[in-house]
Student: 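Okay, here's the structure, questions in a sec.
FYI, the numbering just counts along the sequence from 1. Computed from a prediction, not measured in an experiment: that's the story for all the values here. Read the numbers this way: they start at 1 and go in the same order the structure lists the ligands and their atoms.
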Amino acid sequence: MEPISRRRALQLGGLGLAGVLAGGLGLAWQGSRGTRFDAAAGAELSEPSVLASSGGELALELTAAEGNLPVAGCRARVLGFNGGVPGPTLHVRPGDRLRVTLRNRLTEPTNLHLHGLHVSPAGNGDNPFLRIEPGQDFDYEYRLPDTHPPGMYWYHPHHHHLVADQIFGGLYGAVIVDDIDPVPVTRERVLVIADLTLDDAGRIAPASTMDRMLGREGNLVLVNGQLRPTMTAAPGTRERWRIVNACVSRYLRLRLDGQQLRLLGLDSGRLTEPRPVEEIVLAGGNRADLLVSTTVGSAQLLTLPVDRGTTGMMDMGMMDRGDRDDTSPPDGEATGTVLATVEVAGAAAAQPAPVPPQPAPRDLRRETVAATRTFTLGVGMGMGTGMGAGGMRFTIDGREYDPDRTDHTVRVGTVEEWTLINDSPMEHSLHLHVWPMQLLRTGGREVTEIIWQDVVNIPARNRVTVRVAFDDYPGRTVYHCHILDHEDLGMMGVIEAR
Ligand code: C2O
Ligand code: CU
Ligand code: CU
């Protein structure tokens with residue numbers, strides 16, 4: 001029996017037959033003024049507004065609300081922080097205090113999570129168990145340690161069962177922890193990549209059961225809320241792109257053929273020397289810090305398809321939707337989706353100074369391991385508590401998320417080695433709040449570089465070994481699959497450090 005392909009199923013599940021017949025991308029929504037997405041594409045890239053700390057503090061309000069907001073060059077009925085998709089970019093520095101008043105003007109509960117930041121999970125800090133009711137305000141306060149790694153982070157809601165819907169709706173924004181010694185570049189850009197599906201009325205399309213099981217992928221992939229924006233640059237410049245994959249489930253496989261790319265860092269980790277790359281794969285939640293050296297020409301920033309596998313149910317033919325004869329891939333399946341265009345022209349600019357060597361990152365392979373653990377991510381049959389799971393259970397160690405149960409207790413001040421096992425035929429990832437993970441082995445391969453990530457992909461039917469240093473911050477927090485539909489279905493656990 002041939003399993004239905006994940007992308008194919010997503011199309012059927014997400015758009016319905018009418019959407020597929022209409023061509024899938026863009027044509028389905030004419031909008032109130034008859035605007036087509038294609039007409040909106042190509043505008044110069046804009047960036048979210050910036051709020052920067054001064055004197056060691058950044059205080060701001062974030063209002064989460066629905067509105068008719070500019071998205072993909074049109075006005076769509078989406079969610080936004082402070083009326084923007086994405087919300088404002090926050091610039092902070094190691095040692096800073098960050099105060100955020102979250103105003104919930106949604107019609108459902110929400111809360112706030114600072115993804116990747118190494119801050120306390122306790123009290124009114126980065127506490128994923130808080131529930132801010134509609135109409136309520138809540139004062140969060142975070143203190144970054146003086147040693148906080150610089151880099152790209154992001155914020156998004158984290159109320160269980162609603163995380164995927166609220167991020168898909170437009171609630172996300174970037175956080176940058178600035179470098180103490182800036183990397184010499186011609187310019188910096190923030191690229192927040194997220195996907196969404198709009199219906200005929202310009203509203204966010206609801207996810208089907210199939211979407212949730214596979215992890216929904218929107219039919220529009222936006223950069224800073226824009227569809228296929230253009231970036232212009234002079235030749236000979238060096239740009240620094242800070243990219244976040246804010247897609248609910250989609251993995252990005254990014255290419256920019258014709259321009260020279262070097263990877264400066266991933267998530268909160270920094271390579272000692274920028275490494276030339278041709279493409280980078282970002283699971284949902286991952287970030288890349290990229291250096292782009294420009295040469296004359298027109299280049300496309302593409303994301304190529306990533307096969308995340310199928311659920312076991314589909315392998316058994318139980319989810320067959322009878323479209324096996326359709327062998328023609330939809331647009332973008334083989335060639336990739338264009339996210340943006342880079343136009344490099346004009347007189348050559350002065351080269352910035354070379355990138356100084358970065359401090360060597362900590363290497364936990366040299367440190368003593370106090371405990372080892374395994375985490376097994378699985379998808380099984382049975383009626384779960386996950387809403388709309390289609391008779392499947394999305395579990396870690398055989399259990400669905402329960403905020404009142406502590407699944408693991410670790411000791412503050414120790415280093416642990418974890419084996420992350422994916423027992424299913426589809427990809428999952430593991431994201432741990434507060435403490436980043438150093439990659440040791442993935443898919444049977446030793447990792448020789450020192451690589452730190454806070455979202456680690458675990459290939460289907462495979463395993464990954466990481467080490468984690470629980471240096472500080474007693475408290476309870478969570479780890480979960482960052483295919484956020486899976487998280488909402490229960491693929492999450494609770495860890496307490498003490
Ligand atoms: Cu980006 Cu717990 O999440
Ligand atoms: Cu997180
Ligand atoms: Cu998953």
Student: Is there an N/O/S atom in His158 that lies less than 2.8 Å from the Cu ion (ligand 2)?
Tutor: no
Student: Think Arg99 forms a cation-pi with Tyr140, using NZ or CZ under 6.0 Å from the six-ring centre and within 45 degrees of its axis?
Tutor: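 Verdict for Tyr140: no cation-pi partner in Arg99.
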Student: Nearest 0.5 Å please: distance from the CG atom of Asp397 over to the CZ atom of Arg373.
Tutor: 10.5 Å
Student: How wide is the angle at atom 2 (Cu) of ligand 1 spanned by His433 NE2 and His158 NE2, rounded to 10 degrees?
Tutor: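 Output for this angle: 100°, rounded to tens.
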Student: Charged N to carboxylate O under 4.0 angstrom, Arg250 versus Glu217?
Tutor: yes
Student: So which N/O/S atom does His431 have closest to the Cu ion (ligand 2)?
Tutor: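 Restricting His431 to its N, O and S atoms, the minimum distance to the Cu ion (ligand 2) goes to NE2.
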Student: Is there an N/O/S atom in His113 at a distance below 2.8 Å from atom 2 (Cu) of ligand 1?
Tutor: no
Student: Check whether any N, O or S atom of His156, backbone or side chain, sits closer than 2.8 Å to the Cu ion (ligand 2).
Tutor: no
Student: Which of these passes side chain to side chain contact (heavy atoms under 4.5 Å, CB included) with Leu254: Leu282, Leu302, Leu304?
Tutor: Leu282
Student: Tyr153 and ring pair (Phe, Tyr, Trp, His ring centres under 6.0 Å): which single residue from His115, His118, His148, His113 fits?
Tutor: His148
Student: Can you find a pair of side-chain heavy atoms, one from Glu57 and one from Asp96, that are under 4.5 Å apart?
Tutor: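 The answer is no; the side chains never approach within 4.5 Å.
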Student: With atom 2 (Cu) of ligand 1 as the reference point, give the N/O/S atom of His480 that is nearest.
Tutor: NE2
Student: Restricting to N/O/S, name the atom of His156 that gets closest to atom 1 (Cu) of ligand 1.
Tutor: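 Result: NE2.
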Student: What's the atom name of the N, O or S in His115 nearest to atom 1 (Cu) of ligand 1?
Tutor: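 Looking at His115, the N, O or S atom with the least distance to atom 1 (Cu) of ligand 1 is ND1.
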